J.: 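First the structure, then my questions, so here it is.
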Amino acid sequence: MEIKIIKILFNLVNKAYKKEETPVAAVIIYNNKIIAKSYNKRNKTNKTIDHAEILAIQKANKKLKSWRLNKCSMYVTIKPCDMCMNVIREARINKVYYLINRLEEKKIYNKTEIIPLNSKEIENLKENYLKKVTNFWKNKRNKI
């Protein structure tokens, strides 16, 4: 089955390449069947999140009518970026198989700073929000 999946990945990579998209592809497997496949489309759509992995996850969500993909595996051509790995984890995908590691030179492009909001004026708001989020999850877990 792996060779069949890799051939599908390469077909998707070739499509992406011809359309001048980043040549990355992803396939999702459920019960030994391919339920979703995609390649990067963000150059065409101008959407930051249109990576192959996320597009494949969206298709699998629709196919299984669930955001939980915990019985699924994903095959990708390149090790997923941080954004995709977070979405993969949130989707609860069981295993991710990849062909090659990410290119080291790609890391130099991300210069985003992540800064927590900290001031006396918003301290009360933060406490209120924390209570709301905590209660939400506490109530959710009590219903299970």
Side-chain angles (χ1 to χ4, degrees), residues 1-2 5-6 8-13 15-144:
M1 175 107 171
E2 269 188 352
I5 293 167
I6 291 169
I8 291 167
L9 287 171
F10 275 94
N11 285 337
L12 292 166
V13 162
K15 282 184 184 180
Y17 194 82
K18 286 177 186 173
K19 294 180 180 189
E20 296 188 10
E21 292 288 347
T22 305
V24 176
V27 170
I28 297 178
I29 308 295
Y30 176 74
N31 286 340
N32 292 321
K33 292 182 183 170
I34 295 171
I35 62 163
K37 56 187 179 179
S38 193
Y39 58 87
N40 276 26
K41 295 182 180 175
R42 75 180 184 169
N43 290 333
K44 178 184 176 198
T45 64
N46 290 314
K47 293 180 183 175
T48 304
I49 63 169
D50 279 358
H51 286 203
E53 300 92 331
I54 294 173
L55 294 170
I57 287 169
Q58 290 174 328
K59 289 178 180 182
N61 293 146
K62 189 174 181 178
K63 177 92 172 176
L64 297 179
K65 295 180 174 74
S66 177
W67 64 267
R68 290 181 184 92
L69 303 177
N70 55 323
K71 294 180 180 175
C72 295
S73 296
M74 178 182 278
Y75 289 79
V76 292
T77 52
I78 194 165
K79 186 177 179 181
C81 68
D82 292 342
M83 174 181 69
C84 290
M85 274 312 304
N86 285 324
V87 174
I88 289 165
R89 285 185 187 104
E90 285 296 318
R92 313 293 199 264
I93 290 176
N94 194 29
K95 293 180 182 172
V96 177
Y97 302 95
Y98 62 93
L99 288 174
I100 65 169
N101 279 312
R102 298 197 63 70
L103 305 175
E104 282 298 315
E105 59 267 21
K106 289 286 287 180
K107 293 180 181 177
I108 65 168
Y109 296 112
N110 191 335
K111 306 272 191 244
T112 305
E113 286 186 67
I114 308 295
I115 305 164
L117 292 168
N118 285 318
S119 68
K120 289 183 180 183
E121 294 86 25
I122 63 167
E123 203 57 43
N124 192 34
L125 295 170
K126 286 170 61 171
E127 287 177 31
N128 287 337
Y129 176 68
L130 180 60
K131 285 178 191 174
K132 187 175 289 281
V133 170
T134 303
N135 285 335
F136 174 83
W137 287 113
K138 192 164 130 182
N139 291 333
K140 276 280 192 200
R141 290 185 176 106
N142 288 337
K143 291 178 183 178
I144 297 176

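Side chains are part of it too, since the values below use all heavy atoms of this structure and drop only hydrogens, waters and symmetry mates. These numbers were taken from a predicted model, which means no experiment stands behind them.
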J.: Write down the atom of Tyr75, the atom of Leu9, and the distance for their closest heavy-atom approach.
T.: O-CD2, 3.7 Å
J.: For Arg42 and Thr48: C-alpha separation, side-chain torsions, deciding distance, then whether side-chain contact (heavy atoms from CB on, under 4.5 Å) applies.
T.: CA-CA 6 Å; Arg42 75 180 184 169; Thr48 304; 4.3 Å; yes
J.: Tell me if a side-chain donor or acceptor on Ser73 pairs with a main-chain N or O of Ile29 at a distance below 3.5 Å.
T.: no
J.: Is it the case that over 12 heavy atoms from other parts of the model lie below 6.0 angstrom from the CG atom of Asn101?
T.: yes
J.: Measuring from atom CG of Asp50 to atom NZ of Lys41, what distance do you get when rounded to the nearest 0.5 angstrom?
T.: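 So the CG of Asp50 and the NZ of Lys41 are separated by 8.0 Å.
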J.: Rounded to the nearest 0.5 Å, what separation is found between the SG atom of Cys84 and the CD1 atom of Ile78?
T.: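 Reported to 0.5 Å precision, the distance equals 11.0 Å.
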J.: Does some side-chain heavy atom of Lys59 sit less than 4.5 Å from a side-chain heavy atom of Ile28?
T.: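 In short, these two side chains do not touch, never coming nearer than 4.5 Å.
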J.: Answer yes if the side chains of Tyr39 and Lys19 hold a donor-acceptor pair under 3.5 Å, and no otherwise.
T.: yes
J.: Please evaluate residues Val24 and Tyr98 with respect to the criterion side-chain contact (heavy atoms from CB on, under 4.5 Å), reporting the C-alpha separation (whole Å), side-chain torsions for both, the decisive distance (0.1 Å), and the verdict.
T.: CA-CA 11 Å; Val24 176; Tyr98 62 93; over 6 Å; no
J.: Looking only at heavy atoms, what is the nearest atom pair of Leu64 and Cys72, with distance?
T.: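 Residues Leu64 and Cys72, closest heavy atoms: CD1-SG, 3.8 Å.
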J.: For the CG atom of Leu69 and the CZ atom of Arg92, what is their distance to the nearest 0.5 Å?
T.: 10.0 Å
J.: Do Leu12 and Ser38 pass the side-chain contact (heavy atoms from CB on, under 4.5 Å) test, and can you show the C-alpha distance, the side-chain angles, and the key distance before you say yes or no?
T.: CA-CA 7 Å; Leu12 292 166; Ser38 193; over 6 Å; no
J.: List the atom of Met74, the atom of Glu53, and the distance in Å for their closest heavy-atom pair.
T.: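 Minimum heavy-atom contact is CE-O, 3.7 Å.
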J.: Looking only at heavy atoms, which two atoms of Ala60 and Ala36 are closest? And how far apart?
T.: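 What the structure gives for the nearest pair is N-CB, 3.7 Å.
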J.: Would you indicate whether Glu127, at its atom CD, is surrounded by more than 12 heavy atoms from other residues, nucleotides or ligands within a distance under 6.0 Å?
T.: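 Yes, the 6.0 Å shell around CD holds more than 12 heavy atoms from other groups.
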J.: On a heavy-atom basis, which atom in Thr77 and which in Pro23 lie closest, and how many Å separate them?
T.: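 In this case the closest contact between Thr77 and Pro23 is OG1-O, 4.1 Å.
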J.: How many angstroms lie between atom CD1 of Ile5 and atom CD of Glu2, to the nearest 0.5 angstrom?
T.: 6.5 Å
J.: In Å, rounded to the nearest 0.5 Å, how long is the span from NZ of Lys33 to NZ of Lys63?
T.: 8.5 Å
J.: Which atom names give the shortest non-hydrogen contact between Asn70 and Asn94, and what distance separates them?
T.: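 Result for this residue pair: O-CB, 3.5 Å.
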J.: Check step by step if side-chain contact (heavy atoms from CB on, under 4.5 Å) holds for Ile57 and Ile93.
T.: CA-CA 9 Å; Ile57 287 169; Ile93 290 176; 3.8 Å; yes
J.: Using modelled atom types only, decide if a donor and an acceptor are shared between the side chain of Arg89 and the backbone of Val87 within a distance under 3.5 Å.
T.: no
J.: Please indicate whether Lys126 has more than 12 foreign heavy atoms, meaning atoms of other residues, nucleotides or ligands, lying under 6.0 Å from its NZ.
T.: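 Correct, the count exceeds 12.
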J.: Rounded to the nearest 0.5 Å, what's the gap from CG on Asn11 to NZ on Lys37? Could you check?
T.: 8.0 Å
J.: Please answer whether the main-chain N or O of Ser66 pairs with a side-chain N or O of Asn61 as donor and acceptor at a distance below 3.5 Å.
T.: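 Checking the backbone N and O of Ser66 against the side chain of Asn61, a donor-acceptor pair under 3.5 Å is found.
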J.: Is a donor on one side and an acceptor on the other found under 3.5 Å between the side chain of Asn43 and the backbone of Glu20?
T.: yes
